[in-house]
Amino acid sequence: MTENILSIQSWVSYGHVGNASAMFPLQRLGAEVWAVNTVQFSNHPGYGAWRGQVFSGDLVRECVAGIAERGALGRCDAVLSGYVGGADIGDAILDAVAQVKAANPAALYCCDPVIGDDGRGVYVRPGIAEFFRDSALALADIATPNRFELEWLTGRSIACLADAKAAITALQARGPRCVLLTSFESQPGHIGMVAAEGGGFWHLETPLLPIAINGAGDAICALFLLHRMRTGSAAAALTAAASSVFGLLRRTAEAGSREILTVAAQEEFVAPSRVFMAEAV
């Protein structure tokens, strides 16, 4: 079966973030991606300068309406959303989720609540963090926050694995039954990830690589969603997604690239060069 995923995210012409990071790995693994772009930028703003436009919520609605007019929403298996540039985009995403779930009640909504990060704090526009906390997560089946975002959303500090499990449980009470904590430094020199669903928790660690790039989080959320859809297992999805993204980042670090090597390292999505197994905790 080929999965159909409606992915509503940003787009860059140069580099790989947002849909430009999430779309190709999903396609490489055999999924169809119906991409709706919320911005069209020349490159990631992390360069300090970029060109392009931020699109409106109306454009998102128009694109989704056109897909609906093709009679396709009943075949949509999941909606994936990431960075939200404005409140109108957020409302349009939730409208799309409602339409997809009305046409296919089995469809999943995977929400990456992009709010901020350690060292930078909240970097989204005013009201967006509250949108995730108060509206989007209540409708999400899967949520994929980083440590900073999980702390902000739950008001809980995370300094150890027990803290992470408590914060994840608090987030699950808001709506998403499956949660992936995408970054959690449980010991020096390593990055940990925690997945939770159905009362179970699974943890793994990968070595911390000497690299700081954009877009890896968008890829891991997309991969986690697809593997969760295929296996029905949060643990298996964590193992597959984390292993692939570690390989992707290792290859990027070895090449000294400013952008992740999404295309050059594509075999990591299919057959990771090193597998990290998620363990129950």
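Residue indices begin at 1 and follow the sequence shown.
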State, with a plain yes or no, whether a side-chain heavy atom of [X] is found less than 4.5 Å away from one of [Y].
{"X": "L137", "Y": "C111", "result": "yes"}
{"X": "L80", "Y": "Y109", "result": "no"}
{"X": "T182", "Y": "P145", "result": "no"}
{"X": "R251", "Y": "E268", "result": "yes"}
{"X": "L73", "Y": "N104", "result": "no"}
{"X": "C178", "Y": "F224", "result": "yes"}

Salt-bridge contact R156-E151 (side-chain N to carboxylate O under 4.0 Å): no
Pair K101 + D141: basic N to acidic O under 4.0 Å: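 The answer is yes: the pair qualifies as a salt bridge.
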Intermediate values then yes/no, salt bridge (Lys or Arg N to Asp or Glu O under 4.0 Å), R147 and E185: CA-CA 9 Å; R147 186 185 70 87; E185 190 173 352; over 6 Å; no
Any donor-acceptor pair under 3.5 Å linking the side chain of [X] with the backbone of [Y]?
{"X": "E149", "Y": "I115", "answer": "yes"}
{"X": "R70", "Y": "G66", "answer": "yes"}
{"X": "D163", "Y": "A159", "answer": "yes"}
{"X": "D77", "Y": "N4", "answer": "yes"}
{"X": "S244", "Y": "P272", "answer": "no"}
{"X": "N214", "Y": "R258", "answer": "no"}
{"X": "D88", "Y": "G57", "answer": "yes"}

Straight-line distance of [X] [atom1] to [Y] [atom2], nearest 0.5 Å:
{"X": "Q266", "Y": "L248", "atom1": "CD", "atom2": "CG", "answer": "11.0 Å"}
{"X": "W34", "Y": "M23", "atom1": "CH2", "atom2": "CE", "answer": "12.5 Å"}
{"X": "W11", "Y": "S21", "atom1": "CH2", "atom2": "OG", "answer": "10.0 Å"}
{"X": "L153", "Y": "E130", "atom1": "CG", "atom2": "CD", "answer": "10.0 Å"}

Around atom [atom1] of [X], are there more than 12 heavy atoms from other residues, nucleotides or ligands closer than 6.0 Å?
{"X": "E205", "atom1": "CD", "answer": "yes"}
{"X": "Y14", "atom1": "OH", "answer": "no"}
{"X": "E62", "atom1": "CD", "answer": "no"}
{"X": "Q187", "atom1": "CD", "answer": "yes"}

Shared hydrophobic cluster for L249 and L180 (ILVMFWY, side-chain gaps under 4.5 Å): yes
Minimal non-hydrogen separation, [X] against [Y], with atom names:
{"X": "F148", "Y": "V122", "result": "CZ-N, 3.6 Å"}
{"X": "F269", "Y": "T262", "result": "CE1-O, 3.4 Å"}
{"X": "V36", "Y": "N19", "result": "O-ND2, 3.4 Å"}
{"X": "V60", "Y": "T38", "result": "CG2-CG2, 4.3 Å"}
{"X": "A78", "Y": "C76", "result": "O-SG, 3.3 Å"}
{"X": "A164", "Y": "L150", "result": "O-CD2, 4.3 Å"}

Given L238, T239, L29, the one that forms side chain to side chain contact (heavy atoms under 4.5 Å, CB included) with H227: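 Exactly one pass, corresponding to L29.
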Which residues share a side chain to side chain contact (heavy atoms under 4.5 Å, CB included) with F276, sequence neighbours left out: L204, T206, P207, S243, F246, R274
Residues forming a side chain to side chain contact (heavy atoms under 4.5 Å, CB included) with V39, sequence neighbours excluded: S10, F41, V54
Q40 versus S13, side-chain donor and acceptor atoms under 3.5 Å: yes
Within 45° cone of Y123 ring axis and under 6.0 Å: R120 NZ or CZ: yes
